[in-house]
Amino acid sequence: MVNLVFISQQNIASYHKLAADDIKYWAEELADESKSYLISSDRQSLMDNMTITSRIPNLNYVHIYQLNNQSNKLELFYSYKRSERRSAIPEKSNEINNLLNPRFKDNYLEYMYPIKADEEVVGFVYLQSSKEYITLITDKLLTTSILIMFIILLVTIFIVLQLNRYISAPYLTLVNTVQAVARQKNFQQRCQAMPYREADILARNINILFARMEKHIAQLDAAEQQSIEHSSELEDKINKRTAALKESNQELLSTLEKMHQFQGQLVESEKMASLGDMVAGVAHEVNTPIGLGVTASTLLADRIEEVTTAFEDKSLKSSQLKKFLHEGGENVAIIYRNLNRAADLISSFKKVAVDQSSEEIRSFDVKELLSEALLTLRPQLHSLPYIIDIDCPSKLIINSKPGPLNQILINLIMNSIIHGFEGRDSGKITITVMPLSNQLNMLFQDDGIGVDETIENKVFEPFTTTKRGEGGSGLGLHLVYNLVTQALGGTIVLNSELGKGVTIEINFPIS
């Protein structure tokens, strides 16, 4: 049907093309016949001798325009209309550009052709022909197309009905058989043989399915009977055990009453257990400065013993005494600093535990504080192949709390060494400090293994650690977070990408 519509449209288009070619032909004929009259401006002779108009089929109007050489405008030279009863049409001299190609209107076709003499335009001829014959042909063609389409539709319906009787009927029989088996649950029924191969194959497979279902149902019936026997046995066992449970139920009720009594005590015990875990984690952190102090004091005691022995043996040299005094001063300074650091950490922990902020504010040099922190960690860092780079302006004096800031630096450095550089024989830590308006910005970076994205958003929460069972308490970064946000009143943000290290940015107010 689509092809028929397409052919009809092609035929209508061809009729329009023929009509356009026809009006072009007659326009050329009229131009040739009227050329001499236009040149001589003999209007009357043209009107007397114009006979070609009677031979042009479906002609409505003819206009012949002469080009005035003085005004260079077109003037109507000759006009013709098919019937005297027809009304005249307006001049077309102002539509030349639109009519140089045949133009189809609702009921007519019009065209304008230039009249030339020695390659110069002397005028134009305008023709208007009727489209009635094209409309008649188109109507007949459409009527024929509709009739053919109707016949094709009837033939198609007939073929579909025949195919339905031949193809669908066997499948309908199969569907009815399957529905009957489903309603009656009688899988002993079988589908009859079908008239053609595909339907017969389907019928045989349905029969195979019915046979398997029949066998499966038989197995289910046997299993159900066995289940009934087992259920009877279980019921006897349940009755016996129910009697035993009733005897112990009273004991359970009394136990529940006691549990309700101790519920409040259990809640408080759980709180204390959580606090105990936090204390254990902080004790691990405190162990670092205390261990450094013990190491320094042991070394100092050994040096004192060596000097004492040399003094008693009267073999003490001035260089040996000078070295002892120098090392003794360093060890005493290390002991003092680490004992103070341990005291500050315990004080900070107490303040975090009761959600209080430190009020110990003083003026200090930030770069000196960083150097002191590295000095405190020297015994642990001197044998490790890691680089710590500090970028801080000299003489940067601020009013803040040096204790929490020192502890923050120590915890961050140790966290990178323990976690970030685990299993690596190289690593670099960069600490950048700069004042920003009334705040101090500290950027801590390492090129370690980074933080897995599954725990990145929880690193500052208590007991978050990747070394559970290996001595890690999960309180290191939590303590840093509390020192920054509570003790210093600042903010801390961690960004990390696995395999590319960690960046921690800290901002806190200063004066």
Side-chain angles (χ1 to χ4, degrees), residues 278 281-282 284-286 288-289 340-370 372-374 376-377 388 390-392 396 398-420 429-446 448 450-451 455-465 472-496 501-511:
M278 184 178 290
V282 172
H284 173 74
E285 297 295 334
V286 171
T288 298
N340 280 337
R341 198 71 62 230
D344 290 340
L345 177 60
I346 294 171
S347 176
S348 298
F349 165 68
K350 290 168 62 179
K351 294 172 184 177
V352 170
V354 299
D355 195 23
Q356 293 179 352
S357 299
S358 174
E359 296 180 358
E360 299 174 359
I361 300 175
R362 67 176 179 85
S363 296
F364 61 93
D365 190 314
V366 177
K367 191 167 185 178
E368 289 183 2
L369 182 71
L370 299 178
E372 291 175 0
L374 294 182
T376 304
L377 295 172
I388 300 179
I390 296 178
D391 182 10
C392 178
L396 178 57
I398 64 171
N399 285 328
S400 187
K401 304 166 185 177
L405 182 57
N406 203 334
Q407 187 60 42
I408 289 168
L409 293 172
I410 293 174
N411 273 270
L412 291 179
I413 294 172
M414 294 306 299
N415 187 74
S416 293
I417 292 173
I418 295 172
H419 299 283
I429 297 173
T430 303
I431 303 172
T432 305
V433 179
M434 66 178 65
L436 298 175
S437 186
N438 292 327
Q439 288 197 334
L440 188 71
N441 175 268
M442 184 171 70
L443 194 65
F444 182 92
Q445 296 174 294
D446 69 35
V451 179
I455 63 170
E456 183 176 345
N457 295 327
K458 302 186 295 181
V459 292
F460 294 129
E461 296 179 6
F463 315 115
T464 300
T465 180
S473 65
L475 290 173
L477 288 181
H478 176 63
L479 181 62
V480 169
Y481 178 81
N482 281 279
L483 289 171
V484 172
T485 57
Q486 296 183 17
L488 298 178
T491 59
I492 180 170
V493 178
L494 181 143
N495 291 300
S496 177
V502 172
T503 299
I504 299 177
E505 183 175 4
I506 298 173
N507 288 280
F508 59 91
I510 59 173
S511 62

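The analysis underlying the following values was restricted to heavy atoms, covering all of them including side chains, and did not include hydrogens, waters or symmetry mates.
Under the rule for a side-chain contact (heavy atoms from CB on, under 4.5 Å), the partners of Asn415 that lie at least two apart in sequence or sit in another chain are His419, Leu477. By the side-chain contact (heavy atoms from CB on, under 4.5 Å) test, Ser437 is found to be paired with no residue, residues two or more places apart in sequence or in another chain being considered. For Thr491, the side-chain contact (heavy atoms from CB on, under 4.5 Å) test picks out Asn507, with sequence neighbours left out. A search for ring pair (Phe, Tyr, Trp, His ring centres under 6.0 Å) contacts involving Phe364 returns nothing, not counting sequence neighbours. A search for side-chain hydrogen bond (donor to acceptor under 3.5 Å, both in side chains) contacts involving Ser416 returns Asp446, not counting sequence neighbours. Considering only residues two or more places apart in sequence or on other chains, Asp365 meets the side-chain hydrogen bond (donor to acceptor under 3.5 Å, both in side chains) condition with none of them.
Using a 4.5 Å cut-off on side-chain heavy atoms (C-beta onward), Phe444 and Ile413 make contact. Between Met442 and Val366, the closest side-chain pair of non-hydrogen atoms is not below 4.5 Å. The shortest distance between side-chain heavy atoms of Asp391 and Thr430 does not fall below 4.5 Å. Inter-residue side-chain proximity for Leu412 and Ile429 is flagged as unmet; no heavy-atom pair is nearer than 4.5 Å. Side-chain atoms of Leu488 and Ile408, non-hydrogen and from C-beta on, do get closer than 4.5 Å to each other.
To the nearest 0.5 Å, atoms CD1 (Ile388) and CG (Leu409) are separated by 10.0 Å. With rounding to the nearest 0.5 Å, the separation of CD in Glu368 from CG in Leu370 is 10.0 Å. In this structure, CG in Leu479 is found 5.5 Å from CG in Asn411, a value given to the nearest 0.5 Å. Between atom CD1 of residue Ile390 and atom CD1 of residue Ile431 there is a gap of 5.0 Å, rounded to the nearest 0.5 Å. Residue Leu405 holds its CG atom at 10.0 Å from CD1 of Ile410, rounded to the nearest 0.5 Å.
Residues Gly450 and Ser496 come closest through the heavy atom pair CA-OG, 3.4 Å. When every heavy atom of Pro509 is checked against every heavy atom of Ser400, the shortest pair comes out as O-OG, 4.5 Å.
The backbone N or O of Gly490 lies less than 3.5 Å from no partner atom in the side chain of Thr485, so there is not a single donor-acceptor pair. Listed for the His478 side chain is no donor-acceptor partner under 3.5 Å among the backbone atoms of Glu461. Side-chain atoms of Asn406 never come within 3.5 Å of backbone atoms of Pro402 as a donor-acceptor pair (strictly under, hydrogens ignored).
A side chain to side chain contact (heavy atoms under 4.5 Å, CB included) with Glu505 is found for one member of Ile492, Leu494, Asn495, Asn441 and no other, namely Asn441.
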